[in-house]
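Comments concern the structure below.
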2 protein chains.
Amino acid sequence: METKAQMPTKTKIMKAAEELFAHSGFHHTTMRAITASAGVNLAAINYHFGSKESLLAAIFDAYLKPINAERVRRLTEVAEKARMTSVIPDLEEVMRAFLEPTLVLFLEGAGAEHFRIIIGRAMSEPNQAVRRIFLKRVMPVIDILLGLLQQSLVKSSQSEVAWKLRFALGAMSHTLSSHAHHSPFAMGDSKEPSEIVEMLIVFIIKGMQE
Amino acid sequence: METKAQMPTKTKIMKAAEELFAHSGFHHTTMRAITASAGVNLAAINYHFGSKESLLAAIFDAYLKPINAERVRRLTEVAEKARMTSVIPDLEEVMRAFLEPTLVLFLEGAGAEHFRIIIGRAMSEPNQAVRRIFLKRVMPVIDILLGLLQQSLVKSSQSEVAWKLRFALGAMSHTLSSHAHHSPFAMGDSKEPSEIVEMLIVFIIKGMQE
DNA sequence: GCAAATTTAAAACAAGTGTTTTAAATGTTT
DNA sequence: AAACATTTAAAACACTTGTTTTAAATTTGC
């Protein structure tokens with residue numbers, strides 16, 4: 001972490017923490033490692049954020065608030081269209097409304113490359129506090145999504161829909177958190193991020209279809 | 001953890017560790033918690049296993065050795081059949097040969113209920129040591145599987161096949177590690193484990209198909 | 001029965017953890 | 001200039017971690 005000379009301390013801390021949380025996980029990343037990497041004083045984290053957990057929550061908010069707003073906006077749009085035309089919402093449209101705002105994390109490698117690993121791992125986090133911080137920010141959107149999916153998948157029971165969504169979220173989170181070090185098998189990196197995202201969406205929609 | 005009065009200490013430790021690793025993750029589970037739950041002395045882990053990491057490796061071996069043997073047996077069978085009949089291996093047969101031996105962890109709830117959470121989380125583990133222990137035992141089978149998949153998916157490039165497999169493994173690992181506390185959304189538990197497994201396999205095969 | 005392996009108890013070790021404190025210095029706002 | 005917020009330095013705090021040690025007890029194998 002260089003090139004953050006003129007950033008305010010609070011931002012320097014968040015950027016350094018993102019990188020370290022992504023690389024080593026929440027628990028294994030120490031306050032001292034974060035502040036050392038950020039080039040600030042150890043006490044600065046507690047001064048600005050109150051605690052290590054609140055720092056993570058601040059990072060989640062920074063990324064998830066705009067993403068969630070866009071997810072809700074697009075899901076509402078799909079729901080509205082279905083209501084107006086009296087046709088059940090299209091599965092592909094529903095899933096794209098949820099997936100695409102999330103997967104921009106995969107496309108804009110600039111600042112999001114570390115956070116996408118954090119969020120990709122959050123769902124299966126062993127640490128309960130971390131999981132709680134994550135779920136609190138994601139559950140409301142999942143509820144909206146589930147409601148729409150139950151309309152789209154007319155032949156599937158409520159629990160079948162929920163399981164299909166779980167399979168889909170598993171594929172997505174696993175893809176988000178995949179990076180070189182982490183990869184069980186080297187894949188020809190000939191693929192552009194946009195191609196990977198499109199492959200994932202197609203995979204999920206085909207899998208969910210009745 | 002009760003009902004392990006007459007077990008040897010080594011077994012008591014492994015069973016207690018399974019439960020705690022599944023519930024709280026590797027890093028967050030302490031040696032003192034394991035030995036207390038097992039009802040044995042703190043020093044017993046280092047006496048029998050040498051270290052905390054070796055204890056985890058022993059747990060992986062106990063489950064993964066028979067599973068891997070069955071996976072290799074079935075994958076070889078499919079490859080042999082394809083060779084004999086001069087027909088490309090069938091995608092569904094290939095994936096079932098890999099998935100079904102794994103997913104028995106989901107069916108036989110008896111002893112495997114904790115380990116399936118451990119293995120489901122292993123792939124996205126932040127802890128590098130844990131990931132290394134896991135990958136060392138899984139990579140050889142993945143290599144065989146990838147080789148067969150590249151024959152089955154004739155229209156897909158090498159990297160497309162690898163990505164499809166990654167999506168599939170994400171869905172699988174996420175399903176394996178799912179349990180009540182961990183669930184972002186309550187799903188009507190009306191589904192039998194065998195139904196869930198079948199839904200997952202169908203989801204994956206449909207998603208991978210060309 | 002004897003020797004070896006196992007198990008226990010209790011304590012200590014060395015290192016690392018998040019957090020807090022005190023005091024001084026620096027920056028920003030008004 | 002004065003008042004306030006920010007940042008630093010350095011140390012300490014209270015606690016937990018995996019591992020090791022020493023010594024005594026118990027069990028097991030031959």
[X] (side chain) donor-acceptor with [Y] (main chain) under 3.5 angstrom:
X       : Y       : answer
S124(B) : R121(A) : no
S156(A) : V161(A) : no
S37(B)  : A33(B)  : no

Handout entry: Value in whole Å for how far the C1' atom of dG18(C) lies from CZ of F49(A)
Key =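 Spelled out: CZ on F49(A) to C1' on dG18(C) is 16 Å.
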Completion exercise
K52(A) atom NZ is separated from dG16(C) atom C1', nearest whole Å, by 12 Å
Fill in the blank from the handout: chain B reaches DNA chain D, atoms under 4.0 Å from its heavy atoms, from dT17(D) to dT21(D)
Handout entry: First encountered from the 5' end of DNA chain C, between K10(B) and L42(B)
Key =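 Going by which nucleotide is closer to the 5' end, it is K10(B).
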Practice task
Apply salt bridge (charged side-chain N to carboxylate O under 4.0 Å, His left out) to E19(B) and K15(B), showing your working.
Solution key: CA-CA 7 Å; E19(B) 183 168 354; K15(B) 287 295 152 199; over 6 Å; no
Problem - Side-chain N,O (Y47(B)) to OP1/OP2 (dT7(C)) below 4.0 Å - result: no
Handout entry: N/O (side chain, N41(B)) to phosphate O (OP1/OP2, dT7(C)) under 4.0 Å
Key =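 No, outside the criterion.
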Exercise for the section: Check DNA chain D against residues 25-35 of chain A and give the residues with a non-hydrogen atom under 4.0 Å, in numerical order. Expected result: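 Residues of residues 25-35 of chain A under 4.0 Å from DNA chain D: R32(A).
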Handout entry: Partner of I201(B) by side-chain contact (heavy atoms from CB on, under 4.5 Å), out of E92(B), E100(B), M95(B)
Key =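 By the side-chain contact (heavy atoms from CB on, under 4.5 Å) criterion, I201(B) pairs with just one of E92(B), E100(B), M95(B): E100(B).
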Problem - Cationic tip of K164(B) above F203(A) ring, under 6.0 Å, 45° of axis - result: no
Handout entry: Check: N41(A) and T9(A) side chains under 4.5 Å, non-hydrogen atoms
Key = no
Problem - Side chains of H114(A) and F21(A) in contact at under 4.5 Å (non-hydrogen atoms) - result: no
Practice task
Decide if the gap between the ring center of H174(B) and the ring center of H174(A) is smaller than 6.0 angstrom.
Solution key: no
Practice task
May I ask you to check whether F115(B) and F60(B) place their ring centers less than 6.0 Å from one another?
Solution key: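 Yes - the distance between ring centres of F115(B) and F60(B) falls below the 6.0 Å cut-off.
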Exercise for the section: Show your working on salt bridge (charged side-chain N to carboxylate O under 4.0 Å, His left out) between R116(B) and E18(B) and close with a plain yes or no. Expected result: CA-CA 10 Å; R116(B) 67 161 230 263; E18(B) 267 177 50; over 6 Å; no
Exercise for the section: Indicate, with a heavy-atom threshold strictly under 4.0 Å, whether I45(B) touches base, sugar-phosphate, or nothing. Expected result: nothing
Handout entry: Sequence-aligned protein contact record of nucleotides 24-30 of chain C, with B where the base is within under 4.0 Å of a protein heavy atom and S where only the sugar-phosphate is
Key = -------
